Protein chains: 2
Amino acid sequence: MADTRRSGAETRERILAVAREHFARQGFDRTTIRAIASEAQIDPSMVMRYFGSKEELFTAAAAIDLALPDLTEIPRDEVGRTLVTHFVRMWDSDGTLMALLRRAASDPAAAEQMRSIFAAQVARAVAPVSPDPSQAPRRAALAASQLLGIALGRYVLVLPPIVDMDIDEIVAWVAPTIDRYLTAESAQPDQDPGRVGSS
Amino acid sequence: MADTRRSGAETRERILAVAREHFARQGFDRTTIRAIASEAQIDPSMVMRYFGSKEELFTAAAAIDLALPDLTEIPRDEVGRTLVTHFVRMWDSDGTLMALLRRAASDPAAAEQMRSIFAAQVARAVAPVSPDPSQAPRRAALAASQLLGIALGRYVLVLPPIVDMDIDEIVAWVAPTIDRYLTAESAQPDQDPGRVGSS
DNA sequence: TCAGTTGGCCAACACTTGTTGACCAAGCGA
DNA sequence: TCGCTTGGTCAACAAGTGTTGGCCAACTGA
């Protein structure tokens, strides 16, 4: 048959690809090694041999690099737009992050993984543009909450109004929010006569 | 022993209470009928007799009334504050909504349930304060995305900066966002010199 | 040629899960 | 007193899970 005796590293990659897709679509618990193996046209035991356990397979599949741009090289008033665009594009093209988010909903270990991604990548990338270093993590977390909220509504809950919006509309609405969280002087700029962002 | 032969409706309620707590903390898949029964000091088969199946038990446990206030009776510039406060209080006191959110992450049926709650309660409550009826669902969805993002960060991912904020701080930061989504004239008010909300 | 490595499959184990059906006993109305 | 409803337990079934170990066959290098 098509017993082409694939190259090992090759099958490993194929397993990983299928696993990412399954984890992204169904979450950790509802994804079975058997299903992954079946779709990768391979025996379940091979998955174990390559990755050791389902846990380790997930960890390998969920290695995430947000590839966030250097925000200091971007005009202040385009930070929000840049970030929103970046994330929506990322979600649309690669399900890995969504897989992790889904799992985090029911698995503390995955939540911990998200926390470390937040701390190591989001908070770090965002800190330089914060007006007050002590508040930087808080600002980053607020921005993350809005971005993740969009991801939740668009890809997990599939709320029609959010799904129907194209990227530009989402950016137009959400970017100002991100800008305010990251760079506004106080918490409630919209309630004072003063302007937001660059004075 | 303590075979007090409870009143039936009473045990039913106790099962429901335990179930809500388990679903909220661990999600649907990781919650077992056996664990619920055990904690309710009852036989697993009783759960089936009362609720038919695990699915139906969840449905019964996840019947949610957001108890949203009538926004038309509230000053325009306090809508955001009111909503944020309402939701955070609700999440803090009752895990039912979080249970549903958790399950929605991996179960399309639960996601559908969230959509119907959104449509029947959130979108409906929020529509009257929208300046343009055709955009009302979109505005409601954006507000929901931010609110759910906070829930995600605070209760599911347990992002430290969000957990550390007290209700007042969260309200101070997020309320303006909600206000803008619901009532701002255009999508990007922060980028124009004009003011937001009540002119 | 021949031994070792490598990619792969098969069958089974051990366990957990939701679910079912038989049986029991306390209370209650006639 | 008898029979029916009701709250309850127990033991098992059937299915699905991650995981393991044994075996096979192709390739590779000496």
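Side chains included, hydrogens not; waters and symmetry mates left out as well; all remaining heavy atoms used. Not measured: the values here are computed from a predicted model. Proteins get letters first, then strands, A, B, ... in listed order; numbering begins at 1 in each.
Whole-Å rounding puts the Ile42(A) CD1 to dC10(C) P distance at 12 Å. Distance, Tyr50(B) OH to dT20(C) C1': 17 Å, rounded to whole Å. Counting to the nearest Å, the P atom of dG21(C) and the CE atom of Met46(B) are 15 Å from each other. Atom CD in Glu10(B) sits roughly 17 Å away from atom P in dT6(D) (whole-Å rounding). In this structure, the CZ atom of Arg49(A) is 12 Å from the P atom of dT20(D), given to the nearest Å.
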Next item on the list: Could you encode protein contacts along nucleotides 10-19 of chain D as a string, one character per nucleotide from 5' to 3', using B for base contact, S for sugar-phosphate-only contact and - for no contact, with a heavy-atom cut-off of under 4.0 Å?
Entry: B-B----BBB

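A 6.0 Å sphere centred on CD of Gln41(A) holds no more than 12 heavy atoms belonging to other residues, nucleotides or ligands. The local environment of CZ in Arg124(B) is sparse, with at most 12 non-hydrogen atoms from other residues, nucleotides or ligands closer than 6.0 Å.
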Ignoring hydrogens and angles, write down the donor-acceptor pairs under 3.5 Å from the side chains of residues 151-165 of chain A, residues two or more places apart or on other chains.
{"residue": "Arg154(A)", "atom": "NH1", "partner": "Ile162(A)", "partner atom": "O", "Å": "3.0"}
{"residue": "Arg154(A)", "atom": "NH1", "partner": "Met165(A)", "partner atom": "O", "Å": "2.9"}
{"residue": "Tyr155(A)", "atom": "OH", "partner": "Asp92(A)", "partner atom": "OD1", "Å": "2.8"}

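In this structure, the side-chain hydrogen bond (donor to acceptor under 3.5 Å, both in side chains) partners of Arg115(B), at least two apart in sequence or on a different chain, are Glu112(B). Asp70(B) is linked by a side-chain hydrogen bond (donor to acceptor under 3.5 Å, both in side chains) to Thr72(B), counting only residues two or more places apart in sequence or in another chain. Scored by the side chain to side chain contact (heavy atoms under 4.5 Å, CB included) test, Ala120(A) finds no partners at all (sequence neighbours excluded).
Across all strands shown, Phe51(B) has no heavy atoms under 4.0 Å from either base or sugar-phosphate atoms.
Thr31(A) and Asp29(A) form no side-chain donor-acceptor contact under 3.5 Å, judged by distance and modelled atom types alone.
No salt bridge links Glu13(B) with Arg20(B); every basic N to acidic carboxylate O contact stays at or beyond 4.0 Å.
Each end of the helix from dT1(C)-dA30(D) to dA30(C)-dT1(D) gets its own axis, taken as the rotation carrying the C1' atoms of four end pairs onto the next four within a five-pair window, and the two axes meet at 10° to the nearest 10 degrees.
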